[in-house]
Engineer: 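Submitted below is the structure of interest, expressed as structure tokens.
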Amino acid sequence: MSEVLAGLNVAVELAFALLALSTILAWARERNARRGFLALAVTALAVDVFDSQAMGQPGLVGRLTIDVSLMTFLLSGYGLVMFRDSFVPYRRRTRTAITLIVAAVAALGLALQLPASPDAAHSAEQSLAIIAVIAVWAYCLFDPTVTFWLAARGRPAVEKARLRAISAGCLGLLAVVVLGTLAGSFNPAVSAIVDVAAIAIVPLLYVAFFPPVWMRRLWRQPDEDQLRLALHDLLLYSADRETLAQRALTWAERLVGGDAAFVIDSDGTLLATRDISPEVASEFAKRREHLVTGPDGTPSRIGPNLVVPLDLKEGKGAMVIVSGRLTPLFGDDEMTRLRQYATSITAGLDRVLLNSRVAALERAKSDFLSIASHELRGPMTVIKGYLTMLDAGALGEVSPKVQSVLPLLISKSDEVNWMIEQMIEASRLEEGRLALKKQKVDIVELTEMAIDGVKLLVGNHNISVDQPPEAIDAEVDPDRFQIVVRNLLSNAAKYSPTGSDIDVKIRRDGTVAMVTVKDRGIGISREDQGRLFTRFNRIDNQTHVQGTGLGLWLSREIALMHDGDLVVESDVGKGSTFTFTVPITR
Ligand code: ADP
């Protein structure tokens, strides 16, 4: 049995040595205070475990092993509270007090030459010193255990699991030491069981302190799914930048914890705040420290604040998370998540800004269209009126030269008037004020009137009209119906050579009346046909022909408002055929 026990003792020592080695390696891989203190705590414990086996020897060696044991014992505790400090920082004063107390107790223990075991004979002062050492050490293990446990409350899933695991790890350390110390005092069988328990705890400690990636992912899963959904909503449906920033803060806090948070825009103003007064947040933003951040958008710590840079189109902004006393400051994994998150938020904020700019431009364009068309209409009516009077001789005789140019001037003013009319109708449509005044009319007659109305504009072409002998009745807005036909005719003339044929066909086809306008002009490519009916769209190679790019859009909208349609068939170089349909009255 004693051999088994001796073997188990060696196994405990070995397990501890391995754990210590892995913490040292972890620290060597990434040298930060957190890993350093953990390595200190575990290594000190491992040394203590070895050292305690050698204790009880006489003379100087004996004394030395006791002193080393005392130091490593206290150091293991100190390492652990400082490890806790790196997650959940103490106030500066508390940290100093703990350091001083541990140092003082160590000095006292050394000065009083404590015995190898509390059971050995010792003086009253030595008893006090032993109690002080054990009390300090117990505090150093209990404080992190309780703090990590409490800090886990109300945290998002991943933080909670991780903090609880660390808390359990601290408790595990305590258990191993207590079990290890007690093991010797039981009968061999119980001792063996206790040793086995101690060995079993060691790998669990490793997992608690260095959770593998798969485990972190498992912890994160519930939040991750929610975050993905939330991000989707956040980026697609946030009305304005303030709302987006506000929602982003809620999730940032869920990702890393924090007492408060705020978002600074590229111009240094605040976009959103959460649990912090705008004045305090503005103060921080004014200092502009958040602009001096690490490379590649890496989050950086400025005092108690975690600054996540937002590389916005307009300049640098930042999301700042203010850590509180119980905020765990997490490692690379979480920082990387936060960085990815910041990239999404940046894209979202930029998109909302762009959207609002586009909307503002749209408004400006509509306003301009409305104002310009209404302002132009008055003067043009006067000009057209006087030209017509001059032409008719109502203002007296004019020279033959003037008389000869009057028809051209009248036709040009008709063209301008026609454009103004399109613009007015278009702005009405945009503002939702284009209400149809439908009545039952004969489409054949209406089309003839429309052709008459553009006679001057299309005078240089051969227009042939193919119409049925009987009337085709339909419920339409006569003025708007004519706008469509006139537009198709004037386009046919504008985009085909002078003297070429334009065929107009009026037909009844089942339940619809249709007007087809066919030209032998330049035609429209398939690609251009796709965007022909959009607002302000003009095909590039025809910029020398006058136009607003509103006609076809307006015409199609009018057709649709009548429950009809406007479609095109066209071949480049051969010509185009536009077909306008409206339902007929039964
Ligand atoms: P615009 O005032 O420029 O004529 P429209 O909306 O009526 O505006 O037409 C849009 C564009 O479609 C025109 O700029 C022209 O390039 C093309 N287009 C329209 N009708 C024809 C046609 N019959 N033949 C060739 N191209 C046409």
Side-chain angles (χ1 to χ4, degrees), residues 365-366 368-370 372-373 376-377 380 411-430 434 447 450-451 453-465 479-505 514-561 564-581:
K365 208 157 86 173
S366 300
F368 176 75
L369 191 65
S370 169
S373 54
L376 288 172
R377 183 157 64 169
M380 269 320 290
S411 127
K412 287 292 165 195
S413 68
D414 272 346
E415 238 174 78
V416 177
N417 271 329
W418 166 235
M419 279 196 222
I420 293 172
E421 194 184 340
Q422 276 189 344
M423 283 160 68
I424 290 176
E425 287 290 89
S427 83
R428 278 199 191 119
L429 187 63
E430 273 180 349
L434 198 152
T447 309
I451 299 173
V454 283
K455 269 264 156 67
L456 277 180
L457 291 182
V458 299
N460 295 327
H461 290 74
N462 296 323
I463 301 190
S464 69
V465 185
D479 289 341
R480 269 62 189 244
F481 185 92
Q482 288 194 59
I483 287 182
V484 179
V485 178
R486 275 155 58 191
N487 180 39
L488 295 182
L489 278 168
S490 82
N491 274 355
K494 278 196 306 189
Y495 303 107
S496 65
T498 312
S500 62
D501 291 341
I502 297 174
D503 302 336
V504 181
K505 198 158 102 183
M514 55 190 221
V515 178
T516 310
V517 179
K518 178 176 180 177
D519 66 55
R520 275 66 177 181
I522 55 172
I524 306 155
S525 72
R526 195 149 279 283
E527 190 187 304
D528 288 332
Q529 284 176 28
R531 52 190 176 87
L532 200 59
F533 298 100
T534 51
R535 221 166 35 129
F536 295 115
N537 177 59
R538 305 208 66 216
I539 297 167
D540 286 346
N541 55 10
Q542 283 308 316
T543 41
H544 62 279
V545 182
Q546 273 176 7
T548 54
L550 289 170
L552 284 181
W553 169 69
L554 180 67
S555 299
R556 183 148 200 245
E557 290 297 318
I558 290 176
L560 294 176
M561 284 169 85
D565 205 356
L566 176 62
V567 293
V568 63
E569 269 176 58
S570 185
D571 273 326
V572 176
K574 289 190 179 151
S576 317
T577 306
F578 284 86
T579 306
F580 171 35
T581 49

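Read the numbers this way: they start at 1 and go in the same order the structure lists the ligands and their atoms. Basis for what follows: all heavy atoms, side chains included, without hydrogens, waters or symmetry-related copies. Counting begins at 1 with the first residue of the sequence.
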Engineer: Work out which heavy atom in Thr577 is nearest to a heavy atom in Lys518; give both atom names and the distance.
Structural biologist: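 Smallest heavy-atom distance, with atoms named: OG1-CG, 3.5 Å.
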Engineer: Among Gly551, Gly549, Gly523, which one has a heavy atom closest to atom 1 (P) of ligand 1?
Structural biologist: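 Nearest option to atom 1 (P) of ligand 1, by heavy atoms: Gly549.
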Engineer: Take a 6.0 Å sphere around CZ of Phe368 and say whether it holds more than 12 heavy atoms from other residues, nucleotides or ligands.
Structural biologist: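 Not more than 12 within 6.0 Å, no.
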Engineer: When you look at Leu560 and Asp565, which way does the side chain to side chain contact (heavy atoms under 4.5 Å, CB included) test go after all the steps?
Structural biologist: CA-CA 5 Å; Leu560 294 176; Asp565 205 356; 3.9 Å; yes
Engineer: How would you list, by chain and number, every residue that makes a side chain to side chain contact (heavy atoms under 4.5 Å, CB included) with Ser366, sequence neighbours excluded?
Structural biologist: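 Glu430, Arg535.
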Engineer: Below 3.5 angstrom, do we get any N/O pair linking Ile522 and ligand 1?
Structural biologist: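 So ligand 1 has no N or O lying under 3.5 Å from an N or O of Ile522.
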Engineer: With atoms numbered from 1 as shown, which atoms in ligand 1 lie under 4.0 angstrom from a non-hydrogen atom of Ile539?
Structural biologist: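 Those qualifying, in numeric order: 12 (O), 14 (O), 16 (O), 17 (C).
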Engineer: What do you reckon, is CZ of Arg531 surrounded by more than 12 foreign heavy atoms closer than 6.0 Å?
Structural biologist: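 Yes, enclosed.
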Engineer: Identify which of Tyr495, Phe533, Trp553 has a heavy atom lying nearest to atom 4 (O) of ligand 1.
Structural biologist: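 The residue whose heavy atom sits nearest atom 4 (O) of ligand 1 is Tyr495.
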Engineer: Would Arg520 and Asp503 count as a side chain to side chain contact (heavy atoms under 4.5 Å, CB included) here? Give the steps.
Structural biologist: CA-CA 9 Å; Arg520 275 66 177 181; Asp503 302 336; 2.8 Å; yes
Engineer: With a cut-off of 4.0 Å, which atoms of ligand 1 are near a heavy atom of Asn487?
Structural biologist: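 Near Asn487, the atoms of ligand 1 are 7 (O).
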Engineer: Report, in ascending order of atom number, the atoms of ligand 1 lying under 4.0 Å from any heavy atom of Lys494.
Structural biologist: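 In order of number, 1 (P), 2 (O), 4 (O).
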Engineer: Would you kindly specify which portion of Leu552 sits under 4.0 Å from ligand 1, judged on non-hydrogen atoms: side chain, backbone, both or neither?
Structural biologist: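 Both backbone and side chain of Leu552 come within 4.0 Å of ligand 1.
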Engineer: Tell me which one of Asn537, Asp519, Asp528 gets a heavy atom nearest to atom 11 (C) of ligand 1.
Structural biologist: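 Minimum heavy-atom distance to atom 11 (C) of ligand 1 goes to Asn537.
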Engineer: Does any N/O atom on Leu532 come nearer than 3.5 Å to any N/O atom on ligand 1?
Structural biologist: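 By distance alone, the answer is no.
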Engineer: Under a 4.0 Å heavy-atom limit, does Met419 contact ligand 1 with its side chain, its backbone, both, or neither?
Structural biologist: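 For Met419, there is no contact with ligand 1 at all, from either part.
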Engineer: Between Gly547 and Met419, what is the shortest heavy-atom contact and its length?
Structural biologist: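 Heavy atoms of Gly547 and Met419 come nearest at N-CE, 4.2 Å.
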Engineer: With only distance considered, is Gln422 within less than 3.5 Å of ligand 1 through an N or O on each side?
Structural biologist: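 No, there is no polar N/O contact under 3.5 Å.
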Engineer: State which residues pass side-chain hydrogen bond (donor to acceptor under 3.5 Å, both in side chains) with Ser576; sequence neighbours excluded, sorted by chain then number.
Structural biologist: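 Result, side-chain hydrogen bond (donor to acceptor under 3.5 Å, both in side chains) vs Ser576: Ser570.
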Engineer: I'd like to check which ligand 1 atoms, numbered from 1 as shown, lie under 4.0 Å from a non-hydrogen atom of Ser576.
Structural biologist: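 Once the distances to Ser576 are compared, the set is 24 (N).
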